[in-house]
Amino acid sequence: MDALNKIITWMPQLLNGTKMTILITILSVAIGLVLSLFLALGKMAKNPLINKPCSAYIFFFRGTPLLMQIYFIYFGLPQFNPALTIKSAFVAAMIAYTLNSAAYLAENIRAGIQSIDKGQYEAAKALGMTYGQTMRHIIIPQTVRRLIPPVGNEFIMVLKDVSLVAIIGLSDLTKVTRAISSSSATALVYIPAMIIYLVITAVFSFIFNRLEKKYSVYE
Amino acid sequence: MSYIKTVDLCKNFGDLEVLKDVNLTVEQGEVIVIIGPSGAGKSTFLRSLNTLETITSGKIYIEDELFVQAEKGKVIDGMSKEKHKALLLEMGMVFQRFNLFPHLTVKDNVKISPMKVKNISEEEADKRALELLEKVGLSEKADAYPNNLSGGQQQRVAIARALAMEPKIMLFDEPTSALDPELVGEVLNVMKDLAKQGMTMICVTHEMGFAKEVADRVVFMYDGVILEEGTPEELFEHPKTEKAQQFLSSVL
């Protein structure tokens, strides 16, 4: 009973950390998704002035540790140019997670677009659609359904990666848990914290499964 | 005035010459059936007409205007882009694999291009789509998704979709080759109706019965060239070349 009482008293702090974790996860994946669409289309563009920078971007953000990207954006950039100083750790974290998940999502979107049968492009062209119209009305809507599983996956990855924000002083769920653990000298707090992570993951999975069903009506 | 005319049309895929100096003239209202063994270049020829394939050299005229011209693999700019696009819209195409848009209902498949490409109002496009679906006998399937239809029904939707752009010529690329035998007839019937209404048509097909009944002219292609052309009677009853004789005896 003592344990349960302790957990109840920790709950407000844990929920505060949870809020931070969920906020960064949802915002960065949502903004990253928009950015990734342009990156994916850019990487597939014929013009090397467009596809090369997009490829380089994706290569860089997938090829270096996220932890280092967070450090670099928050602590590194100001040293190169004071104008690049980001005062808010939250904003710096948002930028890092958004840029990073955009790179991963872009590869998923590209794979999704390229998995669409070439007959779809031919039919659209034979009907007089431009490349932009073909993408907007024919290809991308079909890609959406195929993207739901990888986007859901990205959500769950980011959810756990957010634990890295502690290094720039933000209090997410993991940071709060560690703080409680050291001040109360018990590891008990890890149990409710992990349950919270599992609940969030379960809720996300449920939502994405529903979305997938909804978009599967035509298959 | 011929509707479409090709002059010395050549198409190479790398070192492979798929079309070698193909010359064909199609008159307004004519129904042309192209036959020949697989690999003869029939589909490539058809796809060159509406620029799904870029020709290596030669010229294509539409209504006596130079539509596409290429030399040594390079397309030479001819008419203005607007004019080119307008002429392209006059050609409807039906594919072997239907290529319907699976995420759109049957009705939306038919109306999307008129709305997006020709900026026709949704109301008007809707009305027109339902008329066309009735014409191909699929009014009751308007709200179904393509994957819930049989192959023959899908191909009839594809024909309605092409007709929605009000083309002056219809190109059929083996429209019944992917169908179960019992579904071939319903698609051919729609095509026959279209021919009767005076649509200019070029059909690549293995349906010899259709060719005999509907074609004004039958073209026999072999190894990238037109070996023989004539009325169905001339070609089917009295083929001149040995290759045509061989081909016909193998399919009839």
Side-chain angles (χ1 to χ4, degrees), chain A residues 33-34 36-37 40-41 44-48 105 108-152 207-219, chain B residues 43 46-47 49-54 81 84-106 108-120 143-149 154 157-158 160-167 169-173 178:
Chain A
L33 200 54
V34 177
S36 67
L37 179 61
L41 291 174
M44 291 188 304
K46 285 198 185 97
N47 187 341
L105 290 168
N108 286 324
I109 292 185
R110 191 175 62 93
I113 290 176
Q114 285 174 343
S115 71
I116 304 287
D117 180 45
K118 117 178 176 299
Q120 295 286 304
Y121 292 89
E122 291 187 345
K125 189 179 174 193
L127 288 165
M129 288 191 207
T130 61
Y131 177 77
Q133 287 171 326
T134 305
M135 280 296 166
R136 189 162 152 222
H137 302 299
I138 308 302
I139 306 299
I140 291 173
Q142 291 184 55
T143 312
V144 168
R145 199 207 68 78
R146 299 183 193 193
L147 271 180
I148 292 168
V151 171
I207 294 172
F208 277 95
N209 279 336
R210 290 296 289 269
L211 277 176
E212 201 180 340
K213 281 220 181 72
K214 185 179 158 227
Y215 280 96
S216 299
V217 281
Y218 60 79
E219 287 193 341
Chain B
S43 287
L46 201 67
R47 292 160 56 83
L49 297 180
N50 69 345
T51 70
L52 284 181
E53 301 287 354
T54 314
K81 273 198 172 148
H84 180 89
K85 192 169 177 197
L87 286 177
L88 207 49
L89 287 184
E90 292 182 0
M91 291 189 254
M93 187 165 206
V94 174
F95 299 87
Q96 181 179 355
R97 304 274 342 159
F98 329 133
N99 296 347
L100 291 178
F101 306 132
H103 62 302
L104 300 177
T105 62
V106 162
D108 287 345
N109 261 278
V110 179
K111 73 187 206 190
I112 187 159
S113 253
M115 280 170 61
K116 302 301 174 191
V117 178
K118 286 186 162 176
N119 291 320
I120 287 169
D143 295 317
Y145 284 96
N147 287 346
N148 296 328
L149 304 185
Q154 289 193 46
V157 175
R161 181 177 69 173
L163 291 175
M165 293 300 281
E166 301 178 309
I169 182 170
M170 286 285 282
L171 310 174
F172 291 89
D173 187 7

#### Entry: Segment of B:Phe95 engaging chain A (4.5 angstrom heavy-atom cut-off)
side chain
### Task
Could you grab the distance from atom OG1 of B:Thr105 to atom OH of A:Tyr218, nearest 0.5 Å is fine?
13.0 Å
### Query
So what's closer than 4.5 Å to chain A heavy atoms on B:Met165: side chain, backbone, both or neither?
side chain
### Query
Got a second to check how far B:Phe101's CZ is from A:Ile116's CD1, nearest 0.5 Å?
11.5 Å
### Query
Should we say atom CZ of A:Arg146 is surrounded by more than 12 heavy atoms from elsewhere, each under 6.0 Å from it?
yes
### Query
Any idea which of B:Val117, B:Asn147, B:Thr51 has the most non-hydrogen atom pairs under 4.5 angstrom with chain A?
B:Val117
### Query
Within the side chain of A:Lys125, is there an N or O that forms a donor-acceptor pair under 3.5 Å with the backbone of B:Asn50?
no
### Query
Side chain, backbone, both or neither: which part of B:Leu171 has a non-hydrogen atom closer than 4.5 Å to chain A?
neither
## Note on the structure
Interatomic distance, NZ@B:Lys116 vs OG1@A:Thr134, rounded to 0.5 Å, equals 12.5 Å
### Query
Roughly how far, to the nearest 0.5 Å, is NE2 of B:His103 from CZ of A:Arg145?
13.5 Å
### Message
Check this for me: A:Lys213, atom NZ, are more than 12 non-hydrogen atoms of other residues, nucleotides or ligands nearer than 6.0 Å?
### Response
no
### Task
Evaluate the criterion side chain to side chain contact (heavy atoms under 4.5 Å, CB included) for residue pair A:Asp117 and B:Asn99; output intermediate values, then yes/no.
CA-CA 9 Å; A:Asp117 180 45; B:Asn99 296 347; 4.0 Å; yes
### Query
Could you walk me through whether A:Glu122 and B:Met93 pass the side chain to side chain contact (heavy atoms under 4.5 Å, CB included) check?
CA-CA 10 Å; A:Glu122 291 187 345; B:Met93 187 165 206; over 6 Å; no
### Query
For atom CZ of A:Phe208, is the number of surrounding heavy atoms from other residues, nucleotides or ligands below 6.0 Å larger than 12?
yes
### Task
Mind ranking B:Arg161, B:Lys85, B:Lys118 by heavy-atom pairs under 4.5 Å with chain A and telling me who comes out on top?
B:Arg161
### Task
Decide yes or no on side chain to side chain contact (heavy atoms under 4.5 Å, CB included) for B:Ile112 and A:Ile138, but give the supporting numbers first.
CA-CA 10 Å; B:Ile112 187 159; A:Ile138 308 302; 4.2 Å; yes
### Query
So do B:Pro102 and A:Gln120 actually touch side chain to side chain, heavy atoms under 4.5 Å?
yes
### Task
Check each atom of B:Arg47 against the heavy atoms of chain A and say whether the ones under 4.5 Å are side chain, backbone, both or neither.
side chain
